[in-house]
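Comments concern the structure below.
Atoms considered below: every heavy atom in the structure, side chains included; atoms not considered: hydrogens, waters and symmetry mates.
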Amino acid sequence: QVQLVESGGSSVQAGGSLRLNCVASGYTYSRYCMGWFRQAPGKEREGVATIDRYGSTTYADSVKGRFTISVDIGKNTLYLQMNSLKPEDTAMYYCAATPSFKCAVVPFSPDSFTYWGQGTQVSVSS
């Protein structure tokens, strides 16, 4: 059973940085597409970034150039480095995984991901 546990969320001022962590267990990283999603109050959950075994990454247009997704296979940990944070980045951030060697064949949608963490809150004030 795949288990995902996020941490690193906090309250920061606009322009600041945060790094989110997601420790994974019960799976083999190379067989999964991993991703970060977020959900703001009153809004639908949306994709932020994905990464696969080949290191191929995908980013939402709203975070390109500011956020970086990465993985430490030895630590079974997925990261999301968030720089130049904006108030509109305020949301609950979720780590997710789905069985696929390549993220390119997985629609960039929450419906396409099977396993989810409990979320970590990011709040950005102006």
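Using a 4.5 Å heavy-atom threshold, the side chains of Ser112 and Thr98 count as separate. A 4.5 Å side-chain heavy-atom check between Glu46 and Phe37 finds every atom pair outside the cut-off. Looking only at side-chain heavy atoms (C-beta outward), Gln3 and Ser25 come within less than 4.5 Å of each other. You'll find the side chain of Tyr32 stays beyond 4.5 Å of the side chain of Ser100, heavy atoms only. A heavy-atom distance below 4.5 Å is not found between the side chains of Lys75 and Val23. A heavy-atom distance below 4.5 Å is found between the side chains of Glu6 and Trp36. Counting heavy atoms from C-beta outward, Thr50 and Asp52 have side chains that stay 4.5 Å or more apart. In this structure, Met82 and Val12 have side chains that are not in contact, with every pair of non-hydrogen atoms separated by 4.5 Å or more.
Summarising the geometry, atom OG belonging to Ser10 is positioned 14.0 Å from atom CZ belonging to Arg19; distances are rounded to the nearest 0.5 Å. For the atom pair Gln13 CD and Ser123 OG, the distance stands at 12.5 Å (nearest 0.5 Å). In this structure, OG1 on Thr68 lies 8.0 Å from CG on Leu80, to the nearest 0.5 angstrom.
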* To do: Go through Lys64 and Asp61 one step at a time and tell me if the salt bridge (Lys or Arg N to Asp or Glu O under 4.0 Å) criterion holds.
  => CA-CA 5 Å; Lys64 283 181 181 177; Asp61 289 343; 3.1 Å; yes
* **Steps toward side-chain contact (heavy atoms from CB on, under 4.5 Å) verdict (Arg45, Phe113)** => CA-CA 12 Å; Arg45 192 170 298 188; Phe113 283 74; over 6 Å; no
* To do: Check the pair Phe67 / Gln81 against side-chain contact (heavy atoms from CB on, under 4.5 Å), numbers first and verdict last.
  => CA-CA 5 Å; Phe67 290 10; Gln81 178 66 45; over 6 Å; no
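Side-chain atoms of Thr90 come within 3.5 Å of backbone N or O of Val124 as a donor-acceptor pair. The closest donor-acceptor contact from the side chain of Tyr115 to the backbone of Gln1 lies at 3.5 Å or more, if one exists at all.
Nearest heavy atom pair, residue Ala91 against residue Gln121, reads O-NE2, 3.4 Å. Taking each heavy atom of Ala60 and Gly47 in turn, the nearest pair found is CB-O, 3.4 Å. Across Met34 and Cys103, no two heavy atoms sit closer than the pair N-SG, 4.1 Å. The two residues Thr120 and Gly9 make their nearest non-hydrogen contact at OG1-N, 3.0 Å.
No chain of hydrophobic side-chain contacts below 4.5 Å, direct or via other Ile, Leu, Val, Met, Phe, Trp or Tyr residues, connects Tyr79 to Ile73.
Checking Gln39, Arg38, Gln118 one by one against Tyr94, the side chain to side chain contact (heavy atoms under 4.5 Å, CB included) holds for a single residue, Gln39.
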